[in-house]
Amino acid sequence: MKHIYYILGICILLISSCTDETEEVFKESPEVRMSGVLSEYQNILMSGDGQWLAYYGGEAILMHFYNDSVAFKSTFNNGNDDRTITYRVGASQAPELIFETHSVFHSLYELDRANREYEFLFEEISDTEITFISKTDLGADKTRIVFVKGVPSDIDDARKLKPIVDSLSYFKDFYVDDNPINYRLVTLSGKTFVKNIQEDGLIVNTPLDMGITRDGVIFVPSLEIEGESVSEFVFDETSSVFTAKNTSKKIEIRVSEDTHFSNSDVFSKFMEVDFKGLINTSYSMDSVLTYLRKDVPNFSGVQFYVIRGWTLAYAPGSEGGNWAGLSDFHYNKRDDNNLLITWDYLVWGGSFWELFYYSRGGDILFNEFLLDPNGIYVDEVGSGEYILVSNTDPSKYIQLND
């Protein structure tokens, strides 16, 4: 019996001790505890020199965090959107970082609202790396952005490299241990994806961010190539080759003036649908459209009628009418992946003649691109989506959509 009393006494003491510990652990309110966490996160953002580097939307972004403001330096838009703005480390359902006023992240969001944002949830945090997840993504597969420590020279070097990478040929193909594989890197005005033609002919496009680093490029998320997870490549400007870092195999992206693989009879697929619209261009073609917009301020796009032989420009509300076009264009098959466009005469020009025939600053004319004497390479990059590449200058290419 004494043993029973003894055991009961110990149990009472243990219960009492647990109660005291529980009260000690939770003596602060949830609000006070959350406030402590947020203060800790903000202190880490400002720790050391307070400078963090991220790759987002195809851009390198350096952020210098102060107590209530953050200064930006980036590769985006030649630095024209780099500002010092306010930010906030707060919490709705979880700790979050919010950029409160307009700067680089807001500009990227305005360009691509479906995939960009300026509010991020903290996922993992340390003194040297912070991982955020998208606040708006639904489902388990959240978009991530990683901050690492950086310095201003990271952006300076990336800015020097960016126009070089942007002006490369369309043909950026993958090699593993010097052997070509059916993967191609496609970059279109800030949008990047890896194209894979599988054995059954199915095209798989994997969208991702490609940021320009101080010595090459970085992919977010990492690429999976032949069992290797690859994120960073160093660029050799002399050979136009990107070589992967930290891989057991030699994985390269080689830039050439031609392709090492092709799709099956893309020309026939391209001609199956009469109407196509221009939806994107390479950086080397951007200046062409820029000058077109200067000539006709409301210029908004180019549309193709490939069977009827029309190329039309659209500028709503412009003097002289909304539409102008050139005809009669002929789309002639050269081989499975190349077409040659010729034309007979101008049918309808009006005030839009300058769209096609006036050059500014020596830039290639849009019609010169279409009427490339060496033909145009056609690449199928998705269902009803094609890219036309100048065979004379493969850094100039446009994307069309049925």
Side-chain angles (χ1 to χ4, degrees), residues 57-59 75-78 108 111-112 158-159 161-174 183-195 203 205-212 217 219 233 235 237 240 242 253-259 262-263 266 270 276-294 299-304 311 313 337-339 341 355-356 359-382 385-401:
E59 305 293 339
T75 58
F76 178 70
N77 193 22
N78 296 317
L108 290 171
L111 288 175
D112 186 0
R159 283 178 177 173
L161 188 58
K162 190 174 191 295
I164 298 171
V165 173
D166 288 346
S167 63
L168 294 174
S169 165
Y170 173 75
F171 302 113
K172 297 180 280 286
D173 298 324
F174 284 83
Y183 281 80
R184 169 174 292 151
L185 174 65
V186 177
T187 55
L188 273 166
S189 297
K191 294 183 179 180
T192 304
F193 58 90
V194 171
K195 170 188 170 183
I203 297 174
N205 293 320
T206 304
L208 68 167
D209 282 342
M210 184 189 80
I212 307 297
V217 296
F219 294 100
F233 288 77
F235 180 60
E237 186 177 351
S240 291
F242 298 87
I253 303 171
R254 299 184 185 180
V255 181
S256 71
E257 297 302 299
D258 204 346
T259 182
S262 62
N263 302 336
V266 175
F270 178 78
K276 296 176 177 64
L278 190 155
I279 59 175
N280 218 333
T281 70
S282 68
Y283 287 98
S284 296
M285 287 293 293
D286 281 352
S287 62
V288 178
L289 296 183
T290 297
Y291 282 110
L292 292 180
R293 292 188 181 101
K294 286 182 180 178
F299 177 77
S300 61
V302 175
Q303 299 177 350
F304 296 78
T311 299
N337 276 88
N338 285 274
L339 62 89
I341 301 177
L355 286 175
F356 299 97
S359 176
R360 301 292 188 271
D363 290 287
I364 186 173
L365 299 176
F366 190 68
N367 63 307
E368 288 181 354
F369 168 81
L370 293 177
L371 302 175
D372 191 325
N374 295 309
I376 298 177
Y377 176 87
V378 187
D379 198 8
E380 184 182 12
V381 294
E385 294 188 356
Y386 301 88
I387 294 180
L388 304 185
V389 185
S390 165
N391 280 330
T392 298
D393 182 359
S395 72
K396 293 181 171 63
Y397 45 95
I398 63 175
Q399 183 178 11
L400 304 178
N401 198 21

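Salt bridge annotation for Arg184-Asp379: present, with a cationic side-chain nitrogen under 4.0 angstrom from a carboxylate oxygen.
Closest heavy-atom contact between Ile387 and Leu188: CD1-CD1, 3.7 Å. Annotation for Lys195 and Ile203: closest pair CG-CG2, 4.0 Å, computed over non-hydrogen atoms. The two atoms that bring Val194 and Leu208 nearest to each other are N-CD2, 3.8 Å, heavy atoms only. Heavy-atom minimum distance, Gly57 versus Asp209: N-OD2, 3.2 Å. When all heavy atoms of Phe171 and Thr259 are compared, the closest pair comes out as CD2-CB, 3.6 Å. Of all heavy-atom pairs between Leu388 and Val378, the closest is CD2-CG2, 3.8 Å.
Remark: Asn391 CG to Lys396 NZ distance equals 13.5 Å, nearest 0.5 Å. In this structure, CG on Asn401 lies 10.5 Å from CG on Asn280, to the nearest 0.5 angstrom. Rounding to the nearest 0.5 angstrom, the gap separating the OG1 atom in Thr75 from the CG atom in Leu161 is 10.5 Å. Remark: Ile398 CD1 to Ile376 CD1 distance equals 7.0 Å, nearest 0.5 Å. Put simply, NZ on Lys191 and CE on Met210 are 15.0 Å apart, with the number rounded to the nearest 0.5 Å. Here the straight-line distance linking atom CD of Glu385 with atom NZ of Lys276 works out to 12.5 Å at 0.5 Å rounding.
A donor-acceptor contact shorter than 3.5 Å is absent between the side chain of Ser169 and the backbone of Val255.
Here the side chains of Leu185 and Phe174 are in contact, with some heavy-atom distance below 4.5 Å. When side chains are defined from C-beta on, Phe242 counts as touching Val165, because their heavy atoms get closer than 4.5 Å. Looking at heavy atoms from C-beta onward, Thr311 lies in side-chain contact with Phe304 at the 4.5 angstrom threshold. Side-chain contact between Lys162 and Tyr283 is present, with heavy atoms from C-beta onward closer than 4.5 Å. No side-chain heavy atom of Thr392 sits under 4.5 Å from any side-chain heavy atom of Phe369. The side-chain heavy atoms of Gln399 and Val186, taken from C-beta on, include no pair separated by under 4.5 Å. Using a 4.5 Å heavy-atom threshold, the side chains of Val266 and Tyr377 count as separate.
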Stepwise side chain to side chain contact (heavy atoms under 4.5 Å, CB included) check, Thr206 with Phe219
CA-CA 11 Å; Thr206 304; Phe219 294 100; over 6 Å; no
Asp393 vs Ser395, side chain to side chain donor-acceptor pair (under 3.5 Å): CA-CA, chis, key distance, verdict:
CA-CA 5 Å; Asp393 182 359; Ser395 72; 2.8 Å; yes
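The aromatic rings of Phe270 and Tyr386 sit perpendicular, their planes meeting at an angle over 60°, well past the 30° parallel limit.
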